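A quick write-up on the structure given underneath.
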Amino acid sequence: MTKIGFDNDKYLEMQSAHIRERIGKFGGKLYLEFGGKLFDDYHASRVLPGFQPDSKIRMLKQLSDQAEIVIVIKAADIEKNKVRGDIGITYDMDVLRLIDAFTNNGLYVGSVVLTQYKEQPAAAAYEKKLKALGMKVYRHYEIPGYPHAIPLIVSDEGYGRNDYIETTRPLVVVTAPGPGSGKMGTCLSQLYHEEKRGVKAGYAKFETFPIWNLPLNHPVNLAYEAATADLNDVNMIDPFHLEAYGKTVVNYNRDVEVFPVLKAMFEKISGTSPYQSPTDMGVNMAGHCIVDDEAVKKAAKQEIIRRYYEAMCELRKGNGSEAITNKIQLLMEKAGVSIADRTVVAAANIRGEETGGPAAAIELADGSIITGKTSSLLGASSAMLLNALKHFAGIEDAVELISPQVIEPIMNMKVKYLGNHNPLLHLDEILIALSIEALTNPAAKAAYDKLPELRGLEVHSSVILSQVDVGVFKKLGVNLTCEPRYQSKKLFHK
């Protein structure tokens, strides 16, 4: 079992208390730029074992009586139907998903802001749709020379031209479907408008990574670089913090580069800057809640290897770049790891060589490895999954969990009526078949009940899997990697 390295309860308590403290520092009104994933931060849960994926939303729920949410989306992202790669939906649809998710968690969503608005037809139509759904919508406009033309930006022709967002709570959480949406600009625009109205307000930033009070090359911070290799983020020592306080802390290049501009904006807006460094702006307490550094290091090193395989597969699909894979290779060297440190890799590949077809391997909590091969009835991932469930339930290998009489008609239907060329069942189809068998087959029922034990385990496939199978593994909480090669030489792969 993965060793716990992070105290989640302590984190929730410290984080909410620190945010309350920051609200008080600014006289009772704080605009908090909220980065990263709010509901499903699986990266954090993988590199900080013990961190719960919904920790951020649970922390906000502790502040629900003080907080309101403002969701930001860039008009250009609506126009070009920008898609969130992790969940496969467009940014405009994700805003609706976020509104529902916040509301279902008892949090108040006050409004949506369309940033860099230039009368884009799709953005105008989306604004109309949101208003029809009962949402308040505000427009923020593109400012020439942003962010360096400070006299224009901090003026009635710059931030002053933006709509003032009406808010009613002391904590305004500004979030977005993804990076580059304009969260920081929205916060600063509000500070300008609040100052004009004589309202005391402040700004702070909540990003989990990099963790400022861990060493620069700590595996957790290196794993963050690997996760953002496509953005070309680079961790670095915060030179402004070192100069102001004589303390070495970690930030990342984009915040460090833009800080002099931000500081000048703060001074232009209110006459003085409340912060002497980009690290000052942050409110992240995660580093104080690590209780087992070795467990955290081990988990983070595994994440770097996973990110390498992910980048290699994207390169094979034609979506990545060699620059990204090369960067992650360097991070692996810094962390002192290689693909040999991911034991399921060799197990899957050796099994594939032995059988002459696709294979998969899963590492159990006790370190043992279970494999699966491709057969006439089952794909490698399905076979591996059923073998693992048998192991958990103490069922003999020879026992059939799903009868061929159940599988074969489904395979025939896929080919004869649904037009599939590959009759083998996807993971979701196998699990549906298992759930049906579980109604009358005690062994299938015992295996089905063990599905939760897959969460957090490591899996490797000797070939790139379909998006359906990848999605099922993700929903089961399995950490999947694949060799960067396809099962066939076809050009079109689902």
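Note that the structure is predicted; figures quoted are calculated from it, not measured.
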Between [X] and [Y], is there a donor-acceptor pair closer than 3.5 Å when you use the side chain of the first and the backbone of the second?
| X | Y | answer |
| --- | --- | --- |
| Y126 | D92 | yes |
| Q15 | M285 | yes |
| K183 | K205 | no |
| N221 | P215 | yes |
| S403 | Q405 | yes |
| S368 | L364 | no |
| E225 | N235 | yes |

Checklist entry - Closest approach of K301 and A335, non-hydrogen atoms and distance? => result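 Shortest heavy-atom contact: CE-O, 3.3 Å.
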
Checklist entry - Under 30°, 30 to 60°, or over 60°: which ring-plane class applies to F6 and F51, parallel, tilted or perpendicular? => result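 F6 vs F51 ring planes: tilted.
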
So do [Y] and [X] actually touch side chain to side chain, heavy atoms under 4.5 Å?
| X | Y | value |
| --- | --- | --- |
| Y486 | R316 | yes |
| I305 | V345 | no |
| L114 | I73 | yes |
| V250 | L214 | no |
| N232 | N253 | no |
| K414 | P423 | no |
| L60 | I19 | no |
| E79 | K118 | no |

Item to check | Sequence neighbours excluded - side-chain hydrogen bond (donor to acceptor under 3.5 Å, both in side chains) pairs with any residue from residues 430-440 | outcome: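 Found none.
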
Distance-only donor-acceptor hits, side chain of residues 289-298, under 3.5 Å, sequence neighbours excluded:
{"unit_1": "D292", "atom_1": "OD1", "unit_2": "E294", "atom_2": "N", "d": "3.2"}
{"unit_1": "D292", "atom_1": "OD1", "unit_2": "A295", "atom_2": "N", "d": "3.1"}
{"unit_1": "D292", "atom_1": "OD2", "unit_2": "K3", "atom_2": "NZ", "d": "3.3"}
{"unit_1": "D293", "atom_1": "OD1", "unit_2": "H218", "atom_2": "NE2", "d": "2.8"}
{"unit_1": "D293", "atom_1": "OD2", "unit_2": "K297", "atom_2": "NZ", "d": "3.4"}

Item to check | Working for side-chain hydrogen bond (donor to acceptor under 3.5 Å, both in side chains), residues D238 and T279 | outcome: CA-CA 7 Å; D238 181 346; T279 303; 2.7 Å; yes

Checklist entry - Which residues satisfy the ring pair (Phe, Tyr, Trp, His ring centres under 6.0 Å) test with F206, sequence neighbours excluded? => result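 For F206, the residues satisfying ring pair (Phe, Tyr, Trp, His ring centres under 6.0 Å) (neighbours in sequence not counted) are F34.
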
Checklist entry - For the residue pair Y252 and F209, is the inter-centroid distance of their aromatic rings smaller than 6.0 Å? => result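 Here the rings of F209 and Y252 have centres that are no less than 6.0 Å from each other.
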
For a quick test of your reading: what N or O donor-acceptor pairs under 3.5 Å do the side chains of residues 388-399 make, sequence neighbours left out?
{"unit_1": "K390", "atom_1": "NZ", "unit_2": "D397", "atom_2": "O", "d": "2.8"}
{"unit_1": "K390", "atom_1": "NZ", "unit_2": "V399", "atom_2": "O", "d": "2.7"}

Extract all donor-acceptor atom pairs below 3.5 Å that involve side chains of residues 317-325 and protein atoms in other chains or at least two apart in sequence.
{"unit_1": "N319", "atom_1": "ND2", "unit_2": "E314", "atom_2": "OE1", "d": "3.4"}
{"unit_1": "S321", "atom_1": "OG", "unit_2": "I324", "atom_2": "N", "d": "3.3"}
{"unit_1": "T325", "atom_1": "OG1", "unit_2": "E322", "atom_2": "O", "d": "2.9"}

Just distance, no hydrogens or angles: give the donor-acceptor pairs under 3.5 Å from side chains in residues 455-462, sequence neighbours left out.
{"unit_1": "R455", "atom_1": "NH2", "unit_2": "K475", "atom_2": "O", "d": "3.2"}
{"unit_1": "E458", "atom_1": "OE1", "unit_2": "R306", "atom_2": "NH1", "d": "2.9"}
{"unit_1": "E458", "atom_1": "OE1", "unit_2": "R342", "atom_2": "NH1", "d": "2.6"}
{"unit_1": "E458", "atom_1": "OE1", "unit_2": "R342", "atom_2": "NH2", "d": "3.3"}
{"unit_1": "E458", "atom_1": "OE2", "unit_2": "R306", "atom_2": "NH1", "d": "3.1"}
{"unit_1": "E458", "atom_1": "OE2", "unit_2": "N479", "atom_2": "ND2", "d": "2.9"}
{"unit_1": "H460", "atom_1": "ND1", "unit_2": "T481", "atom_2": "O", "d": "3.4"}
{"unit_1": "H460", "atom_1": "ND1", "unit_2": "T481", "atom_2": "OG1", "d": "2.7"}
{"unit_1": "H460", "atom_1": "NE2", "unit_2": "E483", "atom_2": "OE2", "d": "2.9"}
{"unit_1": "S461", "atom_1": "OG", "unit_2": "V463", "atom_2": "N", "d": "3.2"}
{"unit_1": "S461", "atom_1": "OG", "unit_2": "V463", "atom_2": "O", "d": "2.6"}
{"unit_1": "S462", "atom_1": "OG", "unit_2": "A359", "atom_2": "N", "d": "2.8"}
{"unit_1": "S462", "atom_1": "OG", "unit_2": "A359", "atom_2": "O", "d": "3.2"}

Next on the checklist: If you count every heavy atom of other residues, nucleotides or ligands that lies below 6.0 Å from E13 atom CD, does the total exceed 12?
Outcome noted: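 For E13, atom CD is not crowded (no more than 12 foreign heavy atoms under 6.0 Å).
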
Checklist entry - Does NZ in K327 sit with more than 12 non-hydrogen atoms of other residues, nucleotides or ligands closer than 6.0 Å? => result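 Yes, the 6.0 Å shell around NZ holds more than 12 heavy atoms from other groups.
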
